[in-house]
Protein chains: 2
Amino acid sequence: MDKGQKEVTIYDIAEKLNISAATVSRGLTNHPRVSKSTRKSILKAADEMGYRSNSIASNLRSKKSNVIGVIVPRLNSSFMSDLIAGVEKAVNNNNYSLFISQSLETMQKEVTNARAMLNNRVDGLLVSLAYDTTDIEHFEPFLKRNIPVIFVDRVFEHASCPQIFIDNTKAAYEITSHLIAEGCKNIVHLTASLLRNVYTDRLSGYKKALAENGLQFNESSVIIGDLSSQAGIDAATQILKMEKLPDAVFAANDICAVSCMIELQKHGIRIPEDIAFAGFNNDPTACVVQPNLTTVNYKGYEMGEVAAKLLINHLVDKSDLQQTHSLILRSELIIRESSLRSKKS
Amino acid sequence: MDKGQKEVTIYDIAEKLNISAATVSRGLTNHPRVSKSTRKSILKAADEMGYRSNSIASNLRSKKSNVIGVIVPRLNSSFMSDLIAGVEKAVNNNNYSLFISQSLETMQKEVTNARAMLNNRVDGLLVSLAYDTTDIEHFEPFLKRNIPVIFVDRVFEHASCPQIFIDNTKAAYEITSHLIAEGCKNIVHLTASLLRNVYTDRLSGYKKALAENGLQFNESSVIIGDLSSQAGIDAATQILKMEKLPDAVFAANDICAVSCMIELQKHGIRIPEDIAFAGFNNDPTACVVQPNLTTVNYKGYEMGEVAAKLLINHLVDKSDLQQTHSLILRSELIIRESSLRSKKS
DNA sequence: TACTTTTAGGCAATCGATTACATTTTGAAT
DNA sequence: ATTCAAAATGTAATCGATTGCCTAAAAGTA
């Protein structure tokens, strides 16, 4: 495929105006050492000639791309797409562009994607880790080059990488305590890969609440899957087979909670009377499902925005990123009917 | 921010091996004019020295970026994030990368984004138009340069731009016919900007079904909003104020249908007995809401994949894009309880 | 042995913008 | 008119990889 007409470059503009390319370059970038009149004629000519700055050439010379890379587990999850939308907004408002890829929850793709990002010389990286990522060797090349890497939501402890997340332990503790307060004593927990902070932390919050209330933690009450819709259905099947039905289910995300809930309802289980339910994330489905789902509100949009702003501030101001090591965002428990047993009076 | 150590370039490798940079370049790209043994030593040295190819330099020279640009109205909608996930998969499998931005439904941002994409010299562009885009002048610079622009879902008729979409008229015709077959005679249609094919086509399908069944089309039965969740609530309010309640609502997306439905239910309206409901898209919420929502299944993932593959094929094979002008994907009517009145026996 | 062909690799220009440094122009002050 | 700092512009190197063209060495042929 041949590009149509030849591209207009600053040299073409220079030639037309009988000035040097250097001046044209300065004129186009608002450099102070160009007179108002020359600048005006440069802009006019550029416009007339259909000049489009070649960012690639510019990037090569200036050794910065004004591009931010994003690696997330999946693009099509409610939470992640919110997060990315937030990132996009912040990034776009600051004249950066966005390189995006998904790991599909595998470390292998995460590594490949990181490589591509590095080759494309992104100025910074926002990462939310895949389920099975065991180490972050693949981000070392960035750190060696002083390219900032910020972890979002699914984080990893590393001295040089700031992290942005919520207090998962606390949120899970609160939600579990709430279920207990509603009279539940046998709470099943649906979660995913315990390699990830979000799931280990939620699990420990859950355990902590049990312990504080004198309830025995039961290994078999924790069902590990991938938190997909299908995982919810599978969990329901598993629950129905238990010799003693649980009186509550706390799922580490709403998708899984909702599908599990619906599946159980199909088998005649009443929510919350027989089994109370709680999820995590406050997905759109949470207030559509009947009964509405108790959950932790924790929208990705702001998280994405905050992360992107932090990154951009660092890139622009050269402010020391190390200073902000962890940024813990607010989350809130939202109690809905799916867990209200006592007040059912 | 200073980059840590200096980057390793092909010149460094060349120097170390006492060969020319040209040979190193050829060795790294599997050029046939390099002997096996030299190639091997080049790869070894590159690996040892931590060489990372600079795509920017490569892009500048080769005048191609291996980057595909995507402009969508919003990143955080179920449909669009599915679409992007599909695009990402196809793109990533073919060694391309993805530049993404959202127009937030305004033409102004669409124009800005297109500019950035052009400056970054994307090899091709996938676009789904904003609500208020009136013309596509902003894509002309791409076409002039023979950079392919493909419209997806929200398309625009243009001789040089292939389009990928579904037969919206037919789908809307079918869904409306279905409602009529269920005994509905006064069907409200919720939709959005009629500048967009998806909404005008659905409207005409709706009209066509009415006409074929001898029903009068009523201007006031069409409520135009932005199809957001809030728009659904607003529509419900408007419906409740109507002197004669409609017996069905056909919304141009599920989000809006669901929130409208729930709002009406809050006011004692029974679905489908009082008002039957149908949506569009088969969003996850469609089978969570009670009663489950009748809709048109039309997932974005495949559409994104198909679009990206078409674009990449063209870029790789230089196959003539003009030949594929329109690609109409399959969609299917999914009937659920929200519209089943007759069989309610 | 002499000559042709093939193979491997080098030279140097190129992509387009940026920028340190040098030079010229302007205009104010003497 | 002369001087000189300030303002405006020019020169040329640079970023790092690619590639057309050329040469040297190796292999094949007569």
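Just so it is clear: chains get the letters A, B, ... in the order the sequence lines come, proteins before strands, and each one is counted from 1.
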* Asked: Would you say B/Arg196's side chain and B/Tyr131's backbone share a donor-acceptor pair under 3.5 angstrom?
  -> yes
* Asked: Taking atom P of D/dA17 as reference, at what distance in whole Å does atom CG of A/Asn59 sit?
  -> 15 Å
* **Between P of D/dT9 and CG of A/Leu28, the distance in whole Å** => 13 Å
* Can you tell me if CD on B/Gln108 sees more than 12 non-hydrogen neighbours from other groups inside 6.0 Å? -> no
* Asked: Checking all strands, does B/Ile19 fall into the base, sugar-phosphate, or nothing category for heavy-atom contacts under 4.0 angstrom?
  -> sugar-phosphate
* Asked: Once the angle between the rings of A/Phe151 and A/Phe156 is folded into 0 to 90°, is it parallel (under 30°), tilted (30 to 60°) or perpendicular (over 60°)?
  -> tilted
* Touch check for B/Ser55, heavy atoms < 4.0 angstrom, all strands: base, sugar-phosphate only, or nothing? -> nothing
* Atom-to-atom span, NE2 of B/His31 to P of D/dA17 - whole angstrom -> 17 Å
* Is any side-chain N or O of B/Tyr51 closer than 4.0 Å to OP1 or OP2 of D/dA17? -> yes
* Asked: Minimum heavy-atom separation for A/Glu105 to A/Asp132, with atom names?
  -> O-OD1, 3.3 Å
* To do: For the pair B/Phe99 and A/Phe99, name the ring-plane relationship: parallel under 30°, tilted 30 to 60°, perpendicular over 60°.
  => perpendicular
* To do: Could you state the atom-to-atom distance from CZ of B/Arg33 to P of D/dA26 in whole Å?
  => 17 Å
* Asked: A/Tyr11 OH to D/dT9 C1': how many Å, rounded?
  -> 15 Å
* **Whole angstrom value for the distance that separates P of D/dT18 from CD1 of B/Ile42** => 12 Å
* Structure fact -> Rounded to whole Å, the CG-P distance (A/Leu60 to D/dT14) equals 14 Å
* To do: Find which nucleotide of DNA chain C each of B/Arg61 and B/Ser35 is nearest to by heavy atoms, and output the residue with the more 5' nucleotide.
  => B/Ser35
* What does B/Ser25 touch in the nucleic acid at a heavy-atom separation under 4.0 angstrom: a base, only the sugar-phosphate, or nothing? -> base
* Asked: From the 5' end of DNA chain C to its 3' end, which nucleotides mark the outer limits of contact with chain B, defined by a 4.0 Å heavy-atom distance cut-off (strictly under)?
  -> C/dA8 to C/dG16
* Spell out yes or no: do the side chain of B/Arg26 and the base of D/dT18 have one donor N/O and one acceptor N/O closer than 3.5 Å? => no
* Structure fact -> Nearest heavy-atom approach of A/His325 to A/His158 is CE1-O, 3.3 Å
* Asked: Should A/Glu48 and A/Lys44 count as an ion pair when the cut-off is N to O under 4.0 Å?
  -> yes
